[in-house]
Amino acid sequence: MITLTLWQLRWRLLFVAVLALVFYRLEPGLHLHGAAADEAPSVVDPGGIAFTLANLAGASMLVLLAGFVSSDRREGYYRIYFAHPTRPLAFYATRWVMAYVLSVGAAAVFLVLAQLVAWGEFRVGPQAMLQPAVFALIYGGLAAFFSVLLPRGDSLAAFAVYGVTNVWQGALAVFAQMESQPMGPLARQAVSFALPPHQAVQDLYDAAHLGGTAWGSLAFAGGYGLFWLALAGLLLWYREWP
Amino acid sequence: MIHLDEVAKSYGGWRARAQGRVVTALAGVSLEVPPGTVLGIVGPNGAGKSTLIRILLGYLRPTRGSVAVGGLAPRAYAQRHGVAYVPETPAIPPAWTVEHAMRFYASLAELEDPGPKIDAALDRVGLGDTRVRRVGALSKGMRQRLALAQALLGDRDLMVLDEPTSGLDPEWVAELRAMVAEWRAERAGRVVLIASHDLSELEHTADSVAVLVGGAVREVIDLRAGAHAFPAYRLELEPTPHAADAVRACFPGAVTEGGAPLRFFVEPAGAEELTRRLAELLGRGVVVRAVAPVRLTLEERYRDTVGTTRGQKEGRP
């Protein structure tokens with residue numbers, strides 16, 4: 001099953017590899033050369049690459065999970081699948097876990113290869129993998145939920161949520177600088193709570209930077225992804241098949 | 001094997017209910033399918049055949065009533081034992097090759113050493129030479145045969161065929177009939193459900209046929225019982241004087257066929273009575289042109305059943 005599913009995902013995995021190349025080009029820390037490169041350990045901290053890794057892992061989840069439930073429902077592929085002795089929940093859970101392992105694995109490979117290619121040595125350790133692991137969980141959970149809920153466009157919806165979250169955080173930062181807030185604190189907190197916890201991931205980085213672990217932020221960010229994943233599972237179990 | 005008790009299914013959520021837009025697909029179906037039966041399901045469009053099949057596979061839940069397959073809820077049965085299912089329009093990802101599709105379905109069926117079973121199933125449906133072809137490049141009939149091949153993979157007790165002959169040429173329709181017979185004969189107690197509009201095919205394949213009209217079982221026609229019953233006869237006479245009177249005297253229940261004065265339907269109780277009454281008829285000087293048994297075809301019986309309700313109850317109530 002796993003081998004066959006990997007074969008089905010081969011073009012998507014190729015797309016993830018292309019994405020990794022794009023992220024390599026976009027990460028400024030990996031393009032410091034000469035004298036700047038010698039100072040790289042101080043210029044490029046673990047968190048710097050970790051955010052690129054997180055974006056790669058999140059994007060990889062969206063690519064690998066696009067339509068993973070919705071297209072089966074829409075096209076009717078499930079009719080033959082689940083006439084065989086197969087539990088839908090277990091079937092899709094397996095695919096989700098595969099996507100997660102591949103996405104975090106892609107980030108790990110990127111972490112190793114990017115450093116070797118850029119610097120010829122390892123300057124960032126495995127602690128940089130925490131952010132991608134959490135980010136993949138957050139966006140994997142959202143993609144799963146949208147895939148069960150919507151007939152199409154699940155990953156696009158999750159990507160739209162990513163965009164809205166970035167805009168929202170940018171707006172909060174701008175208003176903070178202007179020392180004015182267009183919304184009350186309760187409304188601000190409610191919106192921030194509903195959107196993916198990018199701030200919690202940032203807190204993870206800040207704590208790692210100081211040599212610690214922000215357990216509360218980790219629990220909140222991980223819990224956010226698990227919440228949507230559990231909701232997707234519940235909806236999948238409850239919904240009838242078209 | 002299959003037990004349905006007053007199964008009803010309506011489509012529409014709370015908003016549809018509030019707006020009175022609920023569509024009733026099944027309005028209380030009760031049906032008992034014993035082990036070893038081939039049951040046909042027929043009915044006009046919108047009669048609820050597809051809904052019934054989806055409920056039996058556990059893809060839909062009944063709005064009311066109860067369903068049991070092998071003593072279990074339908075989904076639990078499918079998850080535990082599997083169902084050899086061929087959908088009306090087999091949806092298989094078009095980018096897959098025939099071989100990959102079969103390997104994937106075999107993995108879902110949790111078959112050990114699936115290779116020989118895949119080979120056998122593909123050869124049986126005549127797709128042994130198309131393993132590397134993409135599903136998207138197959139004709140409709142070949143996709144139908146591929147769906148049939150995957151249904152033959154597992155060792156199941158229940159086969160569900162939804163319009164299995166659509167897209168098949170006459171040669172493969174006959175092959176399908178043979179395959180169903182083989183599958184059934186492999187183990188006693190196996191059950192086959194066939195939803196089809198092809199009444200003549202069902203007449204060859206099924207033991208009984210449930211006629212669905214307006215979301216309810218209007219009649220279950222026992223095709224085996226029909227084969228054993230002594231048939232009515234069509235009697236055709238030469239135009240001799242008093243011929244019609246003689247027939248009415250010898251066969252009291254005789255009725256003329258379609259208004260033709262010298263063609264009758266007669267219903268003797270058995271071969272002896274037929275022979276005796278015919279002798280009496282000949283003794284009266286009547287010249288008999290033909291005597292032929294009349295059995296109502298499934299199509300005629302179906303029309304009888306549906307025709308009485310057509311215009312009143314056809315489709316959804």
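Since the structure is predicted, the reported quantities are computational estimates derived from the model, not experimental observations.
The residue among B:Pro87, B:Ala109, B:Pro93, B:Ser107 with the most heavy atom pairs within less than 4.5 Å of chain A is B:Pro93. In terms of heavy-atom pairs under 4.5 Å with chain A, the best-connected choice from B:Leu60, B:Leu108, B:Val83 is B:Leu108. The candidate from A:Tyr81, A:Trp7, A:Tyr78 with the greatest count of non-hydrogen atom pairs under 4.5 Å with chain B is A:Tyr81.
In this structure, the side chains of B:Arg54 and A:Arg79 come closer than 4.5 Å at one or more pairs of heavy atoms. Put simply, the side chain of B:Arg156 reaches to within 4.5 Å of the side chain of A:His84, judged on heavy atoms.
The two atoms that bring A:Glu240 and B:Arg61 nearest to each other are OE2-N, 2.6 Å, heavy atoms only. In this structure, B:Gln79 and A:Pro88 approach most closely via the heavy-atom pair OE1-CD, 3.5 Å. The shortest heavy-atom contact between B:Phe104 and A:Thr5 is CE1-OG1, 4.1 Å. Taking all atoms of both residues into account, the shortest heavy-atom contact from B:Ala147 to A:Ile80 is CB-CD1, 4.4 Å.
Atom CD1 of A:Ile2 has 12 or fewer heavy atoms from other residues, nucleotides or ligands within 6.0 Å. Crowding of A:Leu21 atom CG: a count of heavy atoms from other residues, nucleotides or ligands under 6.0 Å exceeding 12. Few gaps surround CZ on B:Arg124; more than 12 heavy atoms of other groups in view lie less than 6.0 Å from it. Environment of CZ in B:Arg80: sparse, with no more than 12 heavy atoms of neighbouring residues, nucleotides or ligands closer than 6.0 Å. In B:Arg15, the CZ atom is not crowded: 12 or fewer heavy atoms of neighbouring residues, nucleotides or ligands sit closer than 6.0 Å. Around CZ of A:Phe68, the count of heavy atoms belonging to other residues, nucleotides or ligands within 6.0 Å exceeds 12. Within 6.0 Å of OH in A:Tyr77 there are more than 12 heavy atoms belonging to other residues, nucleotides or ligands. Counted within 6.0 Å of CZ on B:Arg131, heavy atoms from surrounding residues, nucleotides or ligands total more than 12; the atom is thus considered enclosed.
From A:Glu75, atom CD reaches atom CD1 of B:Ile92 across 13.0 Å, with rounding to the nearest 0.5 Å. A distance of 14.5 Å separates CZ in B:Arg103 from CE in A:Met1, rounded to the nearest 0.5 Å.
The aromatic rings of A:Trp241 and B:Tyr59 lie perpendicular to each other, with more than 60° between the two planes, well past the 30° mark.
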